[in-house]
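Here the structure comes first, spelled out in structure tokens, and everything after it is commentary.
Since this is a predicted model, take the numbers as computed values, not measurements.
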Amino acid sequence: MELDFGPAVRDFRDEVRDWLADHLVGEFAENRGVGGPTDGAAWEVRLAWDRELSAGGWLGVGWPQEYGGRGLGLLEEIVFEYEYARVNAPYRATVNALDLLGPMLLKMGSETQKKRFLPPILAVEELWGQGFSEPGAGSDLASVRTRAERDGDEWVVSGQKVWTSFGIHADWVYVLTRTDPQSARHKGLSLLLVPTDQPGVEIRPIRNLAGQDEFAEIFLSDARTGADMVVGEVGQGWRTAMATLGIERGTTLLPQQLTFEREAEALIDLARERGALDDPMLRRRIVDAWISVRIMRTTNLRTIAELTAGRTPGAQATTAKLYASTRHQQLGQLATELAGPAGQIVGGDYALDRRQRSFLLSLAETIYGGSSEIQRNIIGEQVLGLPKEPRP
């Protein structure tokens, strides 16, 4: 996949390409494409790679210079993400802070919070986890039961969070909590920044189907954080949380999109090796898989074009995640079938090859970032204008 973003950013594109060619070497090159939103493989290598990117000034390309960024525009951000995905560089270990928390602080944080937290994020000195989902409040975040009470100059936080990506590595977590005990649903919530290195915080890893522990559950028992660690206004945490979830732009899906294209190409190669293209039914499924990744590309490019033109992305931005997650699962299922018995055999100590790991991890894609059921409700109500789902 080759794209030309025009002469305005051609020099910048060449700078990115040259730097990646010079630095994506050694163990970094050996781990091309390693990692993902639910894949904690080669963590230490990826962390070292993030520090390499930081030293080169490639983290926070669009962040203001006063906080350690380059202060460039959205188009440069997109060019960097595209070139980064094109060379299949390792998935960034600091993605939680770079793609979600940092942009949220830039949009809604106080000046003190920006100066305190943004530079360490870009320097890869502090790692972050997201404390949104709970055992009884996954996609329905308005049901969170974690509570925070004001005690002088501090907040005292108690509750449980779950499915925190890379939570075992987090130095801080941003926690959606109920600060008004009399409130219900969307009202009375606040978003707090809570340090994990304290007696009231316990983090336990959750092992997934691929045998990895990048997910974690977090137990907060009278954990404390400063009174000034509220992002946005007290009691307006729902608005802050929705702003965080809405930050994912067209650039966020770009690395995954290119990964899916590579998997589709590998699927076609595997089908040729196995003679599967002679079977009309399998050939139809393979062609359908290839069409699906091309649709992902076209959808993503439409969103990017709207963003760079200063327009609000259209309906396709709402449907992109639902479509990509479900079709990626189907792609993995087909690849596993074509692999035959070899697709069911693992190595010593449950070692998985790349195809097996991708398929198993894809099973979570229709859950994290908003479950498919919730996504369909959003599309039905907000895009199609259908009546809201009745509540008990």
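- Side-chain contact between Val79 and Glu76: absent, with no pair of heavy atoms (C-beta onward) separated by less than 4.5 Å.
- Side-chain contact between Arg92 and Tyr84 is present, with heavy atoms from C-beta onward closer than 4.5 Å.
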**Message:** Using side-chain contact (heavy atoms from CB on, under 4.5 Å), reason through Asn96 and Tyr174 one step at a time and then give a plain yes or no.
**Reply:** CA-CA 10 Å; Asn96 239 328; Tyr174 48 106; 3.4 Å; yes

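- By the 4.5 Å heavy-atom criterion applied to side chains, Leu282 and Leu334 are counted as neighbours.
- Side-chain contact between Pro181 and Arg147 is present, with at least one heavy-atom pair separated by less than 4.5 Å.
- The distance from atom CG of Leu72 to atom CD of Glu77, rounded to the nearest 0.5 Å, is 8.5 Å.
- Here the closest non-hydrogen pair linking Ser190 and Val230 is CB-CG1, 4.4 Å.
- Scanning all heavy atoms of the two residues, the minimum distance from Gln329 to Glu365 falls at NE2-N, 4.4 Å.
- Contact check for Leu193 versus Trp128: side-chain heavy atoms found under the 4.5 Å cut-off.
- Between Trp172 and Phe117, the ring centre distance stays below 6.0 Å.
- The main-chain N or O of Asp353 is found under 3.5 Å from a side-chain atom of Gln356 such that the two form a donor-acceptor pair.
- Here Phe12 contributes atom CZ and Arg70 contributes atom CZ; the two are 6.0 Å apart, rounded to the nearest 0.5 Å.
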